[in-house]
Engineer: 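Please read through the structure below; I'll follow up with questions.
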2 protein chains.
Amino acid sequence: MSRTAGRRRRGHGAEDTETGSRDDRKRRTRRALLDAALDLLEGERSFSSLSLREITRVAGITPAGFYRHFSGMEELGQALIEDSFESLHQMMRDARKDGLPPTHIIRASVAIFLDHVQSHRAHFRFIAKERYSGSSAVRLAIRKEVRLWVGEVAVDLSRFELLKRFSSEDLQMLAGMMINAVIAATELLLDAEPGDAAAVTRIYETVEKQMRLLVLGASLWDSSLTGGNATPRPA
Amino acid sequence: MSRTAGRRRRGHGAEDTETGSRDDRKRRTRRALLDAALDLLEGERSFSSLSLREITRVAGITPAGFYRHFSGMEELGQALIEDSFESLHQMMRDARKDGLPPTHIIRASVAIFLDHVQSHRAHFRFIAKERYSGSSAVRLAIRKEVRLWVGEVAVDLSRFELLKRFSSEDLQMLAGMMINAVIAATELLLDAEPGDAAAVTRIYETVEKQMRLLVLGASLWDSSLTGGNATPRPA
DNA sequence: CAAATCAGTAAACGACTGTTGACTGAAAGT
DNA sequence: ACTTTCAGTCAACAGTCGTTTACTGATTTG
């Protein structure tokens, strides 16, 4: 009743629906769907609790219209993952091309990454939430990205004179610990209020300290003392 | 139609419903509800995607019966958290009482914890899933537990002669890194096939290596070199 | 033994869900 | 100028959901 206003009622998603070629408009609607999902995930909700209808409502289209873009929620989840990591990869390529300062490479890299996190909160919130709670396809995709990242860092580390005597396995472990620390910092960053500069500073400082501790440990490391006697029990 | 069998149809939850006092039966049904939720969480599902009806179905009671035990799903979530951490605390108390070997305390502690994880997979899967994707109440509860744990470990570490010169802040950081490594190992453990002894052994060995690296780093640490110049940017 | 308690049942409610098929109308193709 | 394509609409579907209400019947209580 009283649907007085213009025919098309849209949500926050696609604003100027009227311009551009058909492909452009389609791309815009797709973006609106992705953004709608990210918007809803900014709150307490988890991806698996989002409904298709809810997302189309926020994006400003009809439920049935959803299927012109994705076969279902699972596929939208995949798209969100690709979306999130693509901007990260882009950033990392740029950073590599621009060249890092030779002296504080680690610190600079960490800072660049955390800056990126802060300017893409929604993406990383999604990743953090889905890393352990998402569908197995999404979880695997995230794990693959992390594994690749660890590999890259291990290669970078292998160029340090100090780390020449590291076995490649131990290099992976060191890289893994560094990335674990950065991921932990990321999660703290996402939990902190975005405007809380003091908290942000503390997080940056802490992770830098952690890196320093790891480098110190590495300087005394002897890869030939590997393994030793572990204490595992099957259950 | 054709509901031929006995009146009460129960799921996997409460088996011998017929015995015990009224309180006993109530407790058993409550357990059945918690177990039903944990069962469902063993799969791909996340807690927020579980429905109340679904849980009562698995537990073998009527939807309305749920409310005799919990006011809603949120309260059940809280109960699951308490349940999970209670057995952990119990185990830690026991371990402390029994006394750890003086020589390899860290290694032994880590192994004991990971053993506990393996024998309580469902609980820890729940915690891992909800740590970043759950309701804020649940997330806060988990974070509180982790923070407390870090504090305890920091106190334990302060007794080492090697760490006497650590500032309390740096001790917290070291303890935090150790626990981060253990949590990362926990997550690997939960993702591994329970029977995969080789994978389990690798995880134990890796985390022990990580501990050794941290201890090495600590041996060179100088708390007076704290802070330095961090590189944070508000956004 | 009668009365009170209360864990669990049964049925109904309105709301929301994913998915469908037939449609419309503007853009793209020819 | 015509036909084709196709993003998005609309209406309807069969389910599931959380919650409420009145109830039942065994156990506890006095």
Side-chain angles (χ1 to χ4, degrees), chain A residues 1 3 5-11 13-34 36-37 40 45-77 79 135, chain B residues 1-3 5-11 13-37 40 45-77 79 135:
Chain A
M1 26 179 149
R3 187 171 294 196
R7 293 261 294 106
R8 297 245 181 93
R9 301 297 226 75
R10 326 220 105 214
E15 293 299 328
D16 39 357
T17 310
E18 323 291 339
T19 59
S21 73
R22 192 146 73 178
D23 281 15
D24 284 344
R25 290 160 134 238
K26 176 160 187 181
R27 251 191 299 278
R28 253 203 313 266
T29 308
R30 190 188 137 102
R31 256 263 63 94
L33 286 168
L34 294 172
L40 289 165
R45 319 283 307 280
S46 80
F47 183 76
S48 62
S49 78
L50 298 185
S51 77
L52 182 151
R53 291 184 102 105
E54 189 174 18
I55 288 172
T56 59
R57 222 176 291 133
V58 173
I61 65 169
T62 311
F66 182 95
Y67 297 100
R68 300 280 175 212
H69 302 270
F70 307 102
S71 67
M73 288 293 290
E74 177 67 21
E75 199 167 295
L76 189 153
S135 72
Chain B
M1 23 173 148
S2 87
R3 187 170 294 196
R7 294 261 295 105
R8 296 247 182 92
R9 302 296 228 73
R10 324 219 106 216
E15 294 300 329
D16 39 357
T17 311
E18 323 291 341
T19 58
S21 74
R22 192 145 74 179
D23 280 16
D24 284 344
R25 291 161 134 239
K26 176 161 188 182
R27 251 191 300 277
R28 248 196 326 257
T29 307
R30 190 189 138 103
R31 258 261 64 92
L33 287 168
L34 294 172
D35 288 341
L40 290 165
R45 318 282 307 282
S46 80
F47 183 76
S48 64
S49 77
L50 298 185
S51 77
L52 184 152
R53 291 184 102 104
E54 188 173 21
I55 287 172
T56 58
R57 223 175 291 132
V58 173
I61 64 168
T62 326
F66 182 95
Y67 296 101
R68 300 280 175 213
H69 302 270
F70 306 102
S71 68
M73 288 293 290
E74 176 68 22
E75 199 167 296
L76 189 154
S135 72

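So that the names make sense, note that chain A is the first sequence line, chain B the second, and so on, each numbered from 1.
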Engineer: Let me spell it out: for each of A:F66 and B:G72, pick the nucleotide of DNA chain D with the closest heavy atom. Which residue's pick is nearer the 5' end?
Structural biologist: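 This one resolves to A:F66.
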
Engineer: Out of the candidates B:L34, B:L76, B:T56, B:T29, only one should pair with B:H69 under the side-chain contact (heavy atoms from CB on, under 4.5 Å) rule; please name it.
Structural biologist: B:T29

Engineer: Show, in sequence, the C-alpha distance, side-chain angles and deciding distance for B:S135 and B:S48, and conclude whether the side-chain contact (heavy atoms from CB on, under 4.5 Å) test is met.
Structural biologist: CA-CA 8 Å; B:S135 72; B:S48 64; over 6 Å; no

Engineer: Is any side-chain N or O of B:R57 closer than 4.0 Å to OP1 or OP2 of D:dG18?
Structural biologist: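 The answer is no; no side-chain N or O of B:R57 sits under 4.0 Å from OP1 or OP2.
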
Engineer: From CG of A:L50 over to P of C:dC16, roughly how many Å is that when rounded to an integer?
Structural biologist: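 To the nearest whole Å, that distance equals 16 Å.
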
Engineer: Checking B:S51 side chain against B:E54 main chain: does a donor-acceptor pair fall under 3.5 Å?
Structural biologist: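 Yes, the answer is positive, given that a donor and an acceptor are paired below the 3.5 Å cut-off.
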
Engineer: Is there a side-chain contact between B:R30 and B:K26 (heavy atoms, below 4.5 Å)?
Structural biologist: no

Engineer: Picking from C:dG8, C:dG18, D:dT16, which would you name as closest to the side chain of A:R53?
Structural biologist: C:dG18

Engineer: To the nearest angstrom, how far is B:R30 atom CZ from C:dC6 atom P?
Structural biologist: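 Checked: the CZ to P distance equals 17 Å.
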
Engineer: Under the side-chain contact (heavy atoms from CB on, under 4.5 Å) rule, what do B:F66 and B:M73 come out as? Steps first, then yes or no, please.
Structural biologist: CA-CA 9 Å; B:F66 182 95; B:M73 288 293 290; 4.3 Å; yes

Engineer: To the nearest Å, how far apart are A:R68 CZ and C:dG18 P?
Structural biologist: 18 Å

Engineer: Could you state the CD-P distance from A:E75 to C:dT19, rounded to the nearest angstrom?
Structural biologist: 12 Å

Engineer: On DNA chain C, check which nucleotide each of B:K26 and A:A64 is closest to and give me the residue with the more 5' one.
Structural biologist: B:K26

Engineer: Would you mind classifying the nucleic acid contact of A:T62 as base, sugar-phosphate or nothing, using non-hydrogen atoms under 4.0 angstrom?
Structural biologist: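 A:T62: base contact, heavy atoms under 4.0 Å.
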
Engineer: To the nearest angstrom, how far is A:I55 atom CD1 from C:dT17 atom P?
Structural biologist: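 Going from CD1 in A:I55 over to P in C:dT17 covers 11 Å.
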
Engineer: Between atom CD in B:E74 and atom P in D:dG18, what is the gap in whole Å?
Structural biologist: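 Going from CD in B:E74 over to P in D:dG18 covers 14 Å.
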
Engineer: Which nucleotide wins on minimum distance to the side chain of A:Y67, given the candidates D:dG8, C:dT17, C:dT19?
Structural biologist: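 Within the option list, the nearest is C:dT19.
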
Engineer: Among D:dC17, C:dG8, C:dC16, find the nucleotide with the atom closest to the side chain of B:H69.
Structural biologist: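 The answer is C:dG8, which lies nearest to the side chain.
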
Engineer: Please tell me if the side chains of B:F70 and B:L52 come closer than 4.5 Å, counting only heavy atoms from C-beta onward.
Structural biologist: no

Engineer: Between the protein and nucleotides 28-30 of chain D, which nitrogen or oxygen pairs come in under 3.5 angstrom?
Structural biologist:
{"unit_1": "D:dT28", "atom_1": "OP1", "unit_2": "B:R22", "atom_2": "N", "d": "2.9"}

Engineer: Would you please confirm or rule out a distance under 4.0 Å between OP1 or OP2 of C:dT17 and any side-chain N or O of A:S51?
Structural biologist: yes

Engineer: Can you give me the closest heavy-atom contact between B:R25 and B:G20, atom names plus distance?
Structural biologist: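 Between these two residues, the closest heavy atoms are CD-O, 3.8 Å.
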
